[in-house]
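Every chain is numbered from 1, with letters handed out A, B, ... down the list of sequences. Values below: every heavy atom of this structure, side chains too, minus hydrogens, waters and symmetry copies.
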Amino acid sequence: MIVDVKELTKRFRRGKRESVTAVDNIGFTITPGERVAFIGPNGAGKSTTLKMLTGILYPSSGSALVSGYVPWSQRKRLALEIGIVFGQRSQLWYHLKVRDSFDVLAKIYAIEPDTYRARAGHIAEVLRIADLVDRPVKSLSLGQRMRCEIAAALLHRPKVLFLDEPTIGLDVTAKALLREHLKHLAEAEDTVIVLTSHDTGNIEEICHRVILINHGRILLDKPLGDLRSAFLTTKQVTLVTEEEDPAAPSGEGVSVVGRARHRLTLAVDVTKQPVDKVVAAALGQLTVQDMTIENAPLDAVIRDLYGDGP
Amino acid sequence: MSATIKRGIRQSLSLSLRVPLSPRTGALVHCVGLGAREAWSEKLAMAARFLTFSVIIGTWASLWHIVPAATLTRVSLSYEQLVWYFTLTEIVVFSLGHCYRQIEDDLASGALTTAFVRPVSYIALTLAEELGRMIVTLGSFTLPSVALAWALTAQLPFEPATIVFLPVTLVGGGAIVLGVQVLIGLSAAWLGTARPVFFITQKLIFVLGGMIVPLTAYPDLLRKLAWATPFPAMLYAPASLMLDPARGHAEAMLALQGIWLIAILLAVVLLNAAFERRVLTKGLI
């Protein structure tokens, strides 16, 4: 077990008598090599949990071990075992060159000069930042800086990498690049990833387990695949037809969600109507040239789950 | 001058590679070098500061020049001593940045989040970086300042036996101010902003540290009050070597600085522990 959390609670005092429970008696374990997404709406308790696990917030009660250390009482020793990337907070020295920031971090983490050189070179290659390291941090775009942030977090070869909204503010291309690099590095080095994100793309691309938290409590803890099969009750059928204005097949649980010339998009509630029956009906009444059947996006699943919370 | 400083910076930067240091010390030494390099890269800002410094010294020197010598003799001072004294106090004042603001900003912006997840103390790294900055600024200010004071007074009031104490007490004075600035920065965790505390402390340093006039010329009560505070160790201690070049006085000033430096560092350690506890309990980052 690389992360072991038991009955962890954090209450913040608001005024003299009032207190707010941000994290309420949660427990979970993470084994080596796992990549876990911590999801939930704003204010659900994700970041508070992450802060406790990285040692920068004392809990009100409960226990946690990360890589064998109690985070809040062994923070500096734990720091050697973990890496962090907080999307909106940089760990690089803003006015220095990226390389200078890496040099300082190498000293702080007591990395042997030879090991550091080899490690920095490898990470720079994988994250494609070799041409960025001699530029001042302040001159980098957000996407470039985030790749450098991840490189900085991985320099000391952490066992656990905590990522809090790592792709916030990035464009589609930068996001895709970052996810690809992260996944590649985590797989190659068996690094545990604990990720919080509102971006379902991050979750789908990087993680294989989802912990849903809301109002400080864990509502769900499942492998991503199980989450899909348990909660995906809708399939989306898109038909390309010879008919210019195709008529929709009727039936319980079938609704039209999109219509264009020669194109019809249906949502099928599979608890009410098997999708193959809808497809058969469509093939019977229309001249279908092309057809796709997709799961509803993960966004929709998560939106439903948030809605089911207490 | 510039070659000497560059060599010093290079030596500082490579020290941890050549001398076997503990990882923590190696990181701190590296940060001293980093601060030094940052300060050295801001040559234009340093030149602007020196220009302001020269205007201030020149203005005060011209004011003292019109004070009758007999008036100054009544407080056992001369025009030359006053110019040299003020030059030295100003070297310390001008060599320092505002590291309290860095701490305050790091707390407010959440930058402490990443700084706290490191194996070396945030405050130790901040102090080391600021110390490097101060040493380079102090070093680059001292020689031109000495030349300026010499041009204004046509005197070099150094004794060979005590000249070595001059750079040491200047750095000592700067280090004590730096420690106090860190204490002020840490107070932001309770006060929300450290600026009012800095404002008050800065004025106290100017007055009770004897920035413009030596403490020896102060009224009795004010002088006694000043000696009960750390402020004379910051400014009066190095500058008074221009008034009393005896080795005994220099040693006494150095001892005074040593005592206050230890006391302030102890206060930094204790306040930093309370700061961390507060930040980590209240979730201020």
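- Heavy atoms closer than 4.5 Å to chain B are found in both the backbone and the side chain of Ile56(A).
- Only the side chain of Leu96(A) comes within contact range of chain B, judged by heavy atoms closer than 4.5 Å.
- In this structure, the ring of Phe275(B) has its center no less than 6.0 angstrom from the ring center of Tyr122(B).
- Separation of atoms CD1 (Ile150(A)) and CE (Met146(A)) is listed at 5.5 Å; rounding is to 0.5 Å.
- For a residue to count as touching a neighbouring chain, one of its non-hydrogen atoms must lie under 4.5 Å from one of that chain's; by this rule His95(A) touches chain B with the side chain only.
- Of the atoms belonging to Leu125(B), it is side-chain heavy atoms, and not backbone ones, that fall under 4.5 Å from chain A.
- At a 4.5 Å heavy-atom cutoff, Glu42(B) makes no contact with chain A through either its backbone or its side chain.
- Contact tally against chain A (heavy-atom pairs below 4.5 Å) for Arg277(B), Lys282(B), Glu38(B): the top residue is Glu38(B).
- Because its NZ or CZ atom is both nearer than 6.0 Å to the ring centre of Phe116(B) and within 45° of the ring axis, Arg75(A) counts as a cation-pi partner of that residue.
- Taking CG of Leu155(A) as the start and CG of Leu105(A) as the end, the distance is 6.5 Å to the nearest 0.5 Å.
- Applying the side chain to side chain contact (heavy atoms under 4.5 Å, CB included) test between Val192(A) and each of Ile2(A), Ile82(A), Val66(A), Thr31(A) identifies Ile2(A) as the sole match.
- Under the 30°/60° scheme for interplanar angles, the aromatic rings of Phe53(B) and Phe50(B) are found to lie parallel.
- In this structure, the portion of Ser90(A) lying under 4.5 Å from any heavy atom of chain B is its backbone and not its side chain.
- With a 4.5 angstrom heavy-atom cutoff, Leu78(A) does not touch chain B via any of its atoms.
- Heavy atoms closer than 4.5 Å to chain A are found nowhere in Ser41(B), neither backbone nor side chain.
- Counted by atom type alone, Asp164(A) and Thr196(A) present one or more donor-acceptor pairs between their side chains at under 3.5 Å.
- Heavy atoms of Trp93(A) lying under 4.5 Å from chain B belong exclusively to its side chain.
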